[in-house]
Novice: 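Pasting a structure here, questions to come.
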Amino acid sequence: MCVTALTLLTALGAFGALSRTDHELVEQAEPAVDAASAGGAAGAIARQQAAPPTPGQVAAAPAAAQSPAATPAAAASRFDSVGHPGGGELLQSAVLGPDGHPRNVRVWLPPQYAKEPNARFPVVVIQAATPRKTADAEVPDVFEGIGAALQSGKARPFVLVAPEAPNGTAHPCDLVAAAPQAVADDAALRTVIAASFRTLPPGPASWGTLGIEGGAPCAAAAGLTRPDLYGAAAAVSGRYDAASLTQAAAEAPAGTAAKLLLAAAKSDAAGLDAARKLQAALHAGSGPAAKADVKISDTVQDYTPDRERLRLVRQAAQYLADTLSKAS
């Protein structure tokens with residue numbers, strides 16, 4: 001009888017613990033249940049994208065956005081406003097990466113995002129060259145440069161996404177060239193961005209990539225190796241390993257030709273030389289590498305390096321916006 005009583009008490013205790021756990025899980029899953037009641041993942045996206053995100057908004061990644069085999073385990077992400085550089089709004093969140101660890105992601109919304117509540121916007125991913133840092137930490141005035149290009153009317157607005165560079169190596173740009181799946185905006189992050197903001201679906205018709213100075217080789221590598229994802233890439237003031245980038249580009253998915261802008265100031269002799277060598281190597285390469293559409297900009301000059309960089313960023317923004325507009 002004692003054994004029976006102990007067994008019953010143990011079972012009841014376990015049941016109670018399970019009940020509490022189930023209750024907690026139900027509370028945590030309420031946003032997902034609400035999304036399902038509005039028509040599944042598509043309803044969740046439509047409702048979340050109906051208005052610009054506000055500080056503290058929680059966006060749940062839709063599980064049905066991709067096929068079951070390709071669906072990443074994207075967790076809900078909270079984007080909080082952290083400033084208004086370049087006339088837009090800058091938001092920040094910690095988004096789980098493919099390794100299960102959170103990484104910092106910043107999203108810059110152009111001024112038009114709040115003014116046009118029914119519009120959807122293309123996305124440009126800005127690549128960073130320093131592990132565990134976002135690109136704006138390396139180039140603090142990047143949002144001002146992008147904002148100036150959009151406000152001048154020379155470029156159509158887009159959402160700028162700045163994820164942390166991949167960790168585990170001192171040279172993330174070399175990692176991206178060697179393993180294109182290492183791009184910082186992996187499938188999980190793309191799902192979160194699509195669920196959190198009014199953006200066009202990920203793909204070459206609506207997503208591009210940008211890299212400035214140290215991040216330029218990352219953007220070149222991402223654009224050349226993943227033309228199936230990025231419809232345009234712009235690399236500003238970079239130095240490139242032409243041989244490794246050409247080899248990586250030759251192994252890119254067939255069917256879509258990469259479009260790449262290599263921009264450097266007129267006074268940047270080393271940068272222009274590196275750009276021309278990469279262009280020549282790609283044209284002499286094989287497969288998709290030889291089909292890449294590579295343009296070089298060498299006309300920018302100004303009084304100071306900072307002013308030249310701003311002009312180069314504006315030029316890159318215009319190229320990306322125009323190229324994506326044609327693709328869509």
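Keep in mind the model is a prediction, meaning the values are calculated, not measured.
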Novice: Give me each pair satisfying salt bridge (Lys or Arg N to Asp or Glu O under 4.0 Å) with a member in residues 270-292, each pair once, sequence neighbours excluded.
Specialist: D273-K277, R276-D298
Novice: For the residue pair A128 and A165, what are the closest heavy atoms and their distance?
Specialist: O-CB, 3.5 Å
Novice: Any link between W207 and F121 through a network of hydrophobic side chains (Ile, Leu, Val, Met, Phe, Trp, Tyr) touching at under 4.5 Å?
Specialist: yes
Novice: Is it the case that the side chain of T191 and the backbone of A187 share a donor-acceptor pair, with hydrogens and angles ignored and the cut-off at 3.5 Å?
Specialist: yes
Novice: Given 3.5 Å as the limit, does a donor-acceptor pair link the side chain of S206 with the main chain of P201, or not?
Specialist: yes
Novice: Within the 4.5 Å heavy-atom criterion, are L224 and L282 side-chain neighbours or not?
Specialist: yes
Novice: Do L278 and V294 make a side-chain contact, defined as non-hydrogen atoms from C-beta onward lying under 4.5 Å apart?
Specialist: no
Novice: Between Q315 and R311, is a side-chain contact (heavy atoms from CB on, under 4.5 Å) present by the stated rule, with each step listed?
Specialist: CA-CA 6 Å; Q315 191 177 75; R311 291 185 60 182; over 6 Å; no
Novice: Should D80 and S93 count as side-chain neighbours, where that means a heavy-atom distance under 4.5 Å?
Specialist: no
Novice: According to salt bridge (charged side-chain N to carboxylate O under 4.0 Å, His left out), who are the partners of R103, at least two apart in sequence or on a separate chain?
Specialist: D186
Novice: Calculate, to the nearest 0.5 Å, the distance between atoms CZ and CG belonging to F158 and L324 respectively.
Specialist: 8.5 Å
Novice: Tell me if a side-chain donor or acceptor on T209 pairs with a main-chain N or O of V125 at a distance below 3.5 Å.
Specialist: yes
Novice: Kindly compute the distance separating CG (L272) from OG (S297), expressed to the nearest 0.5 Å.
Specialist: 8.5 Å
Novice: Using atom types as modelled and distance alone, determine if a side-chain donor or acceptor of R198 lies under 3.5 Å from a backbone N or O of A119.
Specialist: yes
Novice: Under 4.5 Å between any side-chain heavy atoms of I126 and F143, yes or no?
Specialist: no
Novice: Rounded to the nearest 0.5 Å, how far does CG of D185 lie from CD of E164?
Specialist: 13.5 Å
Novice: For the side chain of E308 and the backbone of D302, is there at least one donor-acceptor N/O pair under 3.5 Å apart?
Specialist: yes
Novice: Might you point out which heavy atoms bring L229 and P202 nearest each other, and give the distance in Å?
Specialist: CD1-CB, 4.5 Å
Novice: With heavy-atom distances below 4.5 Å as the criterion, would you say the side chains of W108 and V142 are in contact?
Specialist: no
Novice: According to salt bridge (Lys or Arg N to Asp or Glu O under 4.0 Å), does anything in residues 204-226 pair up with another residue at least two apart or in another chain? List the pairs.
Specialist: E213-R309, R226-D228
Novice: What pairs of donor and acceptor atoms, side-chain ones from residues 231-255 against any protein atom, are under 3.5 angstrom apart with sequence neighbours left out?
Specialist:
| from | atom 1 | to | atom 2 | distance (Å) |
| --- | --- | --- | --- | --- |
| R239 | NH1 | D268 | OD2 | 3.4 |
| R239 | NH2 | D268 | OD1 | 3.0 |
| Y240 | OH | G238 | N | 3.4 |
| D241 | OD1 | A243 | N | 3.4 |
| D241 | OD1 | S244 | N | 3.2 |
| D241 | OD1 | S244 | OG | 3.4 |
| D241 | OD2 | S244 | OG | 3.3 |
| S244 | OG | D241 | O | 3.2 |
| T246 | OG1 | A242 | O | 2.7 |

Novice: Compile the donor-acceptor pairs under 3.5 Å between side chains in residues 257-266 and protein atoms, sequence neighbours left out, one pair per line.
Specialist:
none

Novice: Measuring from L310:CG to D141:CG, what's the distance to the nearest 0.5 Å?
Specialist: 4.5 Å
Novice: Might you point out which heavy atoms bring V161 and P163 nearest each other, and give the distance in Å?
Specialist: O-CD, 3.4 Å
Novice: Drop me the distance from K133's NZ to N104's CG, to the nearest 0.5 angstrom.
Specialist: 12.0 Å
Novice: Under 4.5 Å between any side-chain heavy atoms of V123 and F197, yes or no?
Specialist: no
Novice: Any chain of hydrophobic side-chain contacts (each under 4.5 Å) joining V159 to L91?
Specialist: yes
Novice: In the structure I gave you, are the side-chain heavy atoms of V124 and P122 within less than 4.5 Å of one another anywhere?
Specialist: no
Novice: Do the side-chain N and O atoms of R106 and T134 include a donor-acceptor pair separated by under 3.5 angstrom?
Specialist: no
Novice: Within the side chain of Q151, is there an N or O that forms a donor-acceptor pair under 3.5 Å with the backbone of G86?
Specialist: yes
Novice: Taking all atoms of both residues into account, what is the closest heavy-atom pair of R120 and T199, and its distance?
Specialist: NH1-O, 4.0 Å
Novice: Do L210 and I146 have side chains that get closer than 4.5 Å, going by heavy atoms?
Specialist: yes
Novice: Using every non-hydrogen atom in the two residues, find where R314 and A148 come nearest and quote the distance to one decimal.
Specialist: NE-CB, 3.4 Å
Novice: Can you name the nearest heavy-atom pair linking A114 to P117, along with the distance?
Specialist: O-CD, 4.2 Å
Novice: Applying side chain to side chain donor-acceptor pair (under 3.5 Å), name anything that partners T169, two or more places apart in sequence or on another chain.
Specialist: none
Novice: Report the distance from atom CD of Q279 to atom CD1 of I296, rounding to the nearest 0.5 Å.
Specialist: 3.5 Å
Novice: Please check this pair: side chain of E138 against backbone of A129, looking for a donor-acceptor N/O pair closer than 3.5 Å.
Specialist: yes
